[in-house]
Protein chains: 2
Amino acid sequence: MSNIRKIAKAAGVSIATVSRYLNGTEHVSDEVKLKIQKVIEEVNYKPNALARAVFTKNSKTIGLMVPNISNPFFNQMSSVIEENANNNGYNILLCNTDDDIEKEKKYLDVLQSHRVAGIVVARSKCKEEYGNIDIPIISFENHISDEIITVSSDNYSGGKIAFEHLYESGCRRILHIKGPKCFEATEERYRGFLDAAKEKNLEIDFIEFETDFQVEMLKENIEKLKRINKYDGIFVFNDIAAATVMKFLKMNNTKIPKDIQIIGFDNSFICELLHPSLTTINQPIQELGKATIEILIKLINNEKIPIKDYLMEVKLINRGTTIL
Amino acid sequence: MSNIRKIAKAAGVSIATVSRYLNGTEHVSDEVKLKIQKVIEEVNYKPNALARAVFTKNSKTIGLMVPNISNPFFNQMSSVIEENANNNGYNILLCNTDDDIEKEKKYLDVLQSHRVAGIVVARSKCKEEYGNIDIPIISFENHISDEIITVSSDNYSGGKIAFEHLYESGCRRILHIKGPKCFEATEERYRGFLDAAKEKNLEIDFIEFETDFQVEMLKENIEKLKRINKYDGIFVFNDIAAATVMKFLKMNNTKIPKDIQIIGFDNSFICELLHPSLTTINQPIQELGKATIEILIKLINNEKIPIKDYLMEVKLINRGTTIL
DNA sequence: TTGAAAGCGCTAACAA
DNA sequence: TTGTTAGCGCTTTCAA
């Protein structure tokens, strides 16, 4: 690949002039402009963004850490993040942590080395590691420390809404299938669900899944699901797990929603593909991604913004797995 | 963020020594090592990968261009790519093209500017634009030019296998729901399916979907699906579209596989979640991703390898939507 | 409007 | 084993 010196030489000007042409920082005469333009096109020159970043200390890159890009919720969110980052002139360095603390640490080093302008980390497992990092950070879905902004759906309210809908739909023997204890988001859903049930003086039973997404989800949890027929309403911590539960019920000829009503969480594309369509709690993924990047960019630009939780509103999407 | 000069000064050594310590290129005395180590930890110094890349001309970054990371097949493949790249010390710069030629062009410039070591582009829409790029490239799923290696599943054979299974399962009134004309992969599936049908002297009907994945897939194509009840076997170009078809059939109380048998393509996680489970053609996603990165890295390391198609074997996954 | 030169943070050749 | 120095490709100050 060519460099600015060769371009300058070929165009018969100084490198400073080429730089000015490239960045449009100062006026360059039309005559010189044309000459430079011609050379650049001839050799297909692209200015070295790395060298530029070394000098300007602005890599125009955002590090995105997610559990895994193949996880349906996080890949949707990554898509929105990418879009918004791109619209603001930022590129994405992709990191899959696999919910593994060591991988996250390793990638954290990589992102610092690459001098990313900002970091979005979804469902972080680290705490102190973020203490002495001088790069703006947004934590998605859970809390790292008091100094780091969290962006998240209002999972607690989501849990409440789920309960209320089940209750109003006539369910009284209710089960909650909850996510792994280490996930803040699903713990909040659980908490909201439980609190809403308490208000109605209703006891809730629980089953816990060990992961939020995996191909073998049914197989892994089939033992736990054996006795769910005695309930008339189930709130599942996400849509994929809800689909797994539905599959189990169908295999046992249980009628949904007649025998058992179900509510999922996320409103992912799978909801409409299931039969009946899955009633769920919508996470406003567009707003979530947009807010995350907007706040991060403000942080990058040294704007002062309140360090607090940014909680996005969720809502019920009423479909076929509930009666009401 | 600190820099090598400050570290050297604080440790009382030269920057060359610090550099040698960082890279382990030459021996550094234990005493000096300890001093440097201490300073580095104190200030949480991370060597600037950008500056390093400017000099070494090796960014250790791979540009990954996919239609969209939220597309179930491509996010799975991205996950495998990331894993393999990471195992080889490479990071991923993520680019969503949205199947948009202008976005792809723009990102191609970005990747060149960032001096990525190599590029993986899935389902490229550009041709000439790749002509004068001096970065190793692997094209995933379709052909760009004679100089660029293509890695792909054997989609043609997949189509054939799908037909044969439907035929052996007794289907004689067969429909193929094909993907958009512009997708090489689905065109190959179509071609294989058609050729296999010809061998049995069977006429096949066709419906074409405009996209391979979107949330509103059923709504968009509902008119086209109105007359599919007259068939006894359907091969759908991918699993998500197959799920859409199944949903339509269930809404009309058509029994699967009794009335209509269905085969999808990809073997994505959704297959096991559907009821009945979807018979499909497996794409060996692990092998695909592994091969892609292995070949790309050979290219990066200037190893000579044949410029040809690398076609990975597909196979039938027999589940509940077919009788046999 | 342009050029010379210094410097961003790093590596590596050369010398000691 | 270590230090000095040139140079990677770029931006920006200063002077013309």
Side-chain angles (χ1 to χ4, degrees), chain A residues 1-37 39-40 43-61 89 109-117 134-135, chain B residues 1-37 39-40 43-61 89 109-117 134-135:
Chain A
M1 179 63 83
S2 198
N3 62 38
I4 199 170
R5 214 169 314 111
K6 288 187 196 162
I7 301 298
K9 197 164 186 183
V13 296
S14 75
I15 58 170
T17 304
V18 177
S19 175
R20 282 187 279 254
Y21 164 82
L22 254 20
N23 296 292
T25 43
E26 274 165 88
H27 262 296
V28 177
S29 71
D30 286 351
E31 183 198 10
V32 170
K33 234 180 217 168
L34 249 50
K35 274 196 291 187
I36 297 175
Q37 214 158 29
V39 176
I40 286 181
V43 303
N44 189 31
Y45 166 73
K46 311 285 173 193
N48 187 325
L50 305 174
R52 191 175 269 178
V54 170
F55 188 92
T56 62
K57 298 185 188 311
N58 187 353
S59 65
K60 280 283 179 181
T61 301
D109 281 353
V110 169
L111 294 181
Q112 288 176 270
S113 266
H114 277 259
R115 300 293 191 267
V116 294
D134 52 2
I135 299 173
Chain B
M1 178 64 80
S2 198
N3 61 37
I4 200 171
R5 213 168 314 111
K6 286 186 197 163
I7 302 298
K9 196 164 187 183
V13 296
S14 76
I15 57 169
T17 303
V18 177
S19 175
R20 282 188 278 254
Y21 165 81
L22 254 19
N23 296 292
T25 44
E26 276 164 90
H27 262 298
V28 176
S29 71
D30 287 352
E31 182 199 12
V32 171
K33 233 178 217 169
L34 250 52
K35 274 197 292 187
I36 297 175
Q37 213 159 28
V39 176
I40 285 180
V43 302
N44 189 32
Y45 166 72
K46 312 283 173 196
N48 187 327
L50 305 174
R52 192 177 267 178
V54 169
F55 188 90
T56 62
K57 300 188 188 306
N58 187 353
S59 65
K60 282 282 179 182
T61 302
D109 281 354
V110 169
L111 294 181
Q112 288 176 269
S113 267
H114 277 259
R115 299 294 189 267
V116 294
D134 51 2
I135 299 173

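Proteins get letters first, then strands, A, B, ... in listed order; numbering begins at 1 in each. No experiment lies behind these values; they were computed from the predicted model shown.
Between B/Asn48 and C/dC8 there is no side-chain polar atom (N or O) within less than 4.0 angstrom of OP1 or OP2. The side chain of A/Thr17 contributes an N or O atom lying less than 4.0 Å from OP1 or OP2 of C/dG3. Taking 4.0 angstrom as the limit, A/Ser14 places none of its side-chain polar atoms (N or O) nearer than this to OP1 or OP2 of C/dA4. An OP1 or OP2 oxygen of D/dC8 is reached within less than 4.0 angstrom by a side-chain nitrogen or oxygen of A/Arg5. Not one side-chain nitrogen or oxygen of B/Arg20 sits closer than 4.0 Å to the OP1 or OP2 atom of D/dG3. Taking 4.0 angstrom as the limit, B/Lys57 places a side-chain polar atom (N or O) nearer than this to OP1 or OP2 of D/dG9.
Residue B/Ser29 is classed as a sugar-phosphate contact, given heavy-atom separations below 4.0 Å to backbone atoms only. Within 4.0 Å of B/Tyr45, counting heavy atoms only, lie sugar-phosphate atoms of the nucleic acid but no base atom.
Look at CD1 on B/Ile7: it is 18 Å from C1' on D/dG3, rounded to the nearest Å. With rounding to whole Å, B/Lys9 atom NZ is found 15 Å from D/dG3 atom P. Between the CG atom of B/Leu22 and the C1' atom of C/dT11 there is a distance of 11 Å, rounded to whole Å. Spacing between atom CG of B/Leu50 and atom C1' of C/dT11 amounts to 15 Å, rounded to whole angstrom units. One interatomic measurement links the two molecules: CZ of A/Phe55 to C1' of D/dT13, which rounds to 9 Å at whole-angstrom precision. Nucleotide C/dA12 holds its P atom 11 Å from the CD1 atom of B/Ile4, rounded to whole Å. As rounded to whole Å, 10 Å separates atom P of D/dC10 from atom CD1 of A/Ile40. Here the P atom of nucleotide C/dC10 and the CD1 atom of B/Ile15 are 9 Å apart, to the nearest Å.
How far CD1 of B/Ile135 is from CD of B/Gln112: 5.0 Å, rounded to the nearest 0.5 Å. In this structure, the separation between CG on B/Leu50 and CZ on A/Phe55 is 14.5 Å, given to the nearest 0.5 Å. Separating the NZ atom in A/Lys33 from the OG1 atom in A/Thr17 is a distance of 12.5 Å, to the nearest 0.5 Å. The CG atom of A/Asn48 sits 11.0 Å away from the OG atom of A/Ser2 when rounded to the nearest 0.5 Å. In this structure, CD1 on B/Ile40 lies 14.0 Å from NZ on B/Lys6, to the nearest 0.5 angstrom. To the nearest 0.5 Å, atom CG of residue B/Leu111 and atom NZ of residue A/Lys46 are 11.0 Å apart.
Looking at which nucleotide of DNA chain C each of B/Ala16 and B/Asn3 is closest to, the 5′-most match is held by B/Asn3.
When the C1' atoms of four end pairs are superposed on the next four at each end of the helix from C/dT1-D/dA16 to C/dA16-D/dT1, using five pairs per end, the two resulting axes differ in direction by 40°, to 10°.
When all heavy atoms of B/Arg52 and B/Pro47 are compared, the pair lying nearest together is NH2-CB, 3.6 Å. In terms of heavy-atom proximity, B/Val39 sits nearest to B/Ala10 at CG1-CB, 3.6 Å.
Taking the side chain of B/Ala51 as heavy atoms from C-beta on, and the options C/dG9, D/dG9, C/dT2, the nearest nucleotide is C/dG9.
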